[in-house]
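In what follows, chains are A, B, ... by sequence order, proteins preceding strands, each numbered from 1.
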Amino acid sequence: MSEQDGLPVLPHLAGEFYTWLWWSSEVQGAVFSLPDPVGQIELWVDERLAFRNADDTKVTAVMTGEAPSTSLEARAALAGGKVLNDLRVGIRRDDREFTVTLKGPAMHITGAKLPQVMSEGIDEVLYDRMFLYGELSLVLAALYDTFAEKRVSAAWESEVLPGLRRWIGGEL
Amino acid sequence: MGIMSGAMSVRRFRVVGELPEGWRELFRDRLQELAFKTPPHEVGKEEIEGWVEVHNLLDADFENYNRWLYNEFVLIALRVDKKRLPAKLFAATLEKRCEAWKKEKEVERVPASIRTELKEALELEWLKQTLPTVAVTEAAWNVNEEWLVLHGMSDAVSDRFRKRFFRTFGLRLVPWSPLDWVRTTDTVEGLINKAPSLMASPEDLGELR
């Protein structure tokens with residue numbers, strides 16, 4: 001693994017991160033307190049969930065429409081061993097609201113709706129759009145880093161995973 | 001829809017390599033050299049590619065920095081043109097031409113060499129009248145922070161762009177990984193070494209089986 005080759009994409013981590021995000025957003029009422037410079041944000045699962053089988057790369061079930069994450073089918077898919085492949089989330093930081101689909105193992109940013117840019121002229125529009133893209137990346141990075149710290153800690157096995165499993169089993 | 005407006009679907013890359021001295025002038029010259037050049041009408045079915053400005057895919061003159069360089073951002077697009085003939089209609093027309101040739105020559109069969117000649121002639125005739133399909137992939141490159149976002153999700157588009165980018169600027173585009181978001185190398189190593197977690201409880205899975 002060198003600077004030249006880049007870091008690997010570990011397919012299972014994306015599915016775990018998406019599930020952790022979904023679960024965290026439900027158990028802590030959408031509010032996330034993230035390390036500086038991000039601070040407090042709100043996050044909710046939006047209008048799309050896509051699942052795949054654990055040993056496959058193809059999406060086998062897609063749930064869309066209003067609040068698919070609250071449907072019984074969605075958690076039943078997880079309980080049946082399916083893995084989240086795509087997750088559409090809404091994020092609010094201060095007065096700015098973003099929606100984005102995190103797609104696949106590489107967590108590509110797709111269909112990202114950024115707050116409306118009121119600027120004129122290509123340079124202003126570019127700076128504003130890149131600033132907002134940067135802000136969205138900053139929030140996602142802080143969320144992923146928070147997940148990563150938990151994932152490598154002892155608390156993952158002793159607290160997080162049991163909580164997740166109870167939630168998947170319908171206890172919340 | 002793209003980098004400059006609408007919903008954004010992007011792949012992110014790290015730009016690896018040393019920025020050469022006088023990079024602005026050098027990149028301008030390289031962009032000019034590898035800009036999209038409109039081919040003559042009779043050009044064949046091969047793909048034609050080159051850099052264009054994001055403002056308009058017909059603008060491929062990079063002399064004016066104000067059209068593609070915005071402080072630390074390079075804003076460019078890769079245009080790829082390809083002419084495609086309607087395969088079924090082409091095959092049917094070629095068949096008619098072969099029949100006409102047989103009738104004219106009063107023979108039973110068309111030799112392979114003549115068939116090839118007729119096919120090439122028909123291709124040339126049709127390609128002159130056919131407009132290409134045009135694909136444009138936009139990118140924004142933050143030169144100071146050494147990252148680039150490419151508006152497009154396909155592997156083929158991404159590979160083509162990376163090759164062209166290296167050929168033009170001599171810098172490599174390395175696909176970004178979610179692990180690049182993790183702040184400490186210890187945590188990255190920890191994640192790499194952890195086995196996947198079974199998210200559903202083993203009991204739930206057992207009940208389903």
Inset, instruction - For each of A:Leu161, A:Leu164, A:Val83, A:Leu136, tally heavy-atom pairs with chain B at distances under 4.5 Å, and name the one with the top tally. - result: A:Leu161
Legend entry - Proximal component of A:Thr101, with respect to chain B [non-hydrogen, under 4.5 Å]: neither
Inset, instruction - Mind listing the closest non-hydrogen atom pair of B:Ile192 and A:Leu10 along with its distance? - result: CA-CD1, 3.8 Å
Legend entry - Distance in Å, A:Thr110 OG1 paired with B:His151 NE2, rounded so as to fall on 0.5 Å steps: 10.0 Å
Inset, instruction - Take A:Arg129 and B:Ser5 through the test side chain to side chain donor-acceptor pair (under 3.5 Å) and record every step on the way to the result. - result: CA-CA 8 Å; A:Arg129 298 261 298 172; B:Ser5 66; 5.7 Å; no
Inset, instruction - For residues B:Ile3 and A:Leu126, report the shortest heavy-atom separation together with the two atoms involved. - result: CG2-CD1, 4.4 Å
Inset, instruction - Starting at CH2 of B:Trp176, measure out to CD1 of A:Ile109 and round the result to the nearest 0.5 Å. - result: 7.0 Å
Legend entry - Nearest heavy atoms of A:Glu149 and B:Thr184, plus distance in Å: OE2-OG1, 3.9 Å
Legend entry - Region of A:Ile122 in contact with chain B, defined by heavy-atom distances below 4.5 Å: both
Inset, instruction - State, to 0.1 Å, how close B:Ser9 and A:Gly111 come at their nearest heavy-atom pair, and which atoms those are. - result: OG-N, 2.8 Å
Inset, instruction - Against chain B, work out which of A:Trp156, A:Trp20, A:Tyr127 has the most heavy-atom pairs shorter than 4.5 Å and name it. - result: A:Tyr127
Legend entry - Proximal component of B:Val54, with respect to chain A [non-hydrogen, under 4.5 Å]: neither
Inset, instruction - Please identify each residue that fulfils salt bridge (charged side-chain N to carboxylate O under 4.0 Å, His left out) with A:Glu42, with sequence neighbours left out. - result: A:Arg92
Inset, instruction - Check whether any side-chain heavy atom of B:Leu179 sits under 4.5 Å from a side-chain heavy atom of A:Leu13, and report yes or no. - result: yes
Inset, instruction - Evaluate the side-chain proximity of B:Ser197 to A:His12: yes if any heavy-atom separation is below 4.5 Å, no if none is. - result: no
Legend entry - For chain B, which residues of residues 139-148 of chain A have heavy atoms nearer than 4.5 angstrom: A:Leu140, A:Ala141, A:Tyr144, A:Asp145, A:Ala148
Inset, instruction - Please name the pair of heavy atoms, one in A:Arg151 and one in B:Ala195, separated by the smallest distance, quoted to 0.1 Å. - result: NH2-O, 2.7 Å
Legend entry - Separation of A:Glu16 CD from B:Lys194 NZ (nearest 0.5 Å): 10.5 Å
Inset, instruction - State whether the number of non-hydrogen atoms from other residues, nucleotides or ligands found under 6.0 Å of B:Lys163 atom NZ is greater than 12. - result: no
Legend entry - Side chain / backbone / both / neither for A:Pro105 at chain B, heavy atoms under 4.5 Å: backbone
Inset, instruction - Assess whether atom NZ of B:Lys37 is packed by more than 12 heavy atoms of other residues, nucleotides or ligands within 6.0 Å. - result: yes
Inset, instruction - Specify the closest pair of heavy atoms between B:Arg12 and A:Ser137, including all atoms of both residues, with the distance to one decimal. - result: NH1-OG, 3.8 Å
Inset, instruction - Please collect all ring pair (Phe, Tyr, Trp, His ring centres under 6.0 Å) contacts where either partner lies in residues 118-141 of chain B, sequence neighbours excluded, each pair once. - result: B:Phe27-B:Trp141, B:Phe90-B:Trp126, B:Trp141-B:Phe165, B:Trp141-B:Phe169
Inset, instruction - With chain A as the partner chain, list the residues of residues 62-80 of chain B whose heavy atoms fall under 4.5 Å from it, by residue number, and write 'none' if nothing qualifies. - result: B:Tyr70, B:Asn71, B:Phe73, B:Leu75
Inset, instruction - With a 4.5 angstrom heavy-atom cut-off, could you sort out which part of A:Tyr133 is near chain B: side chain, backbone, both or neither? - result: side chain
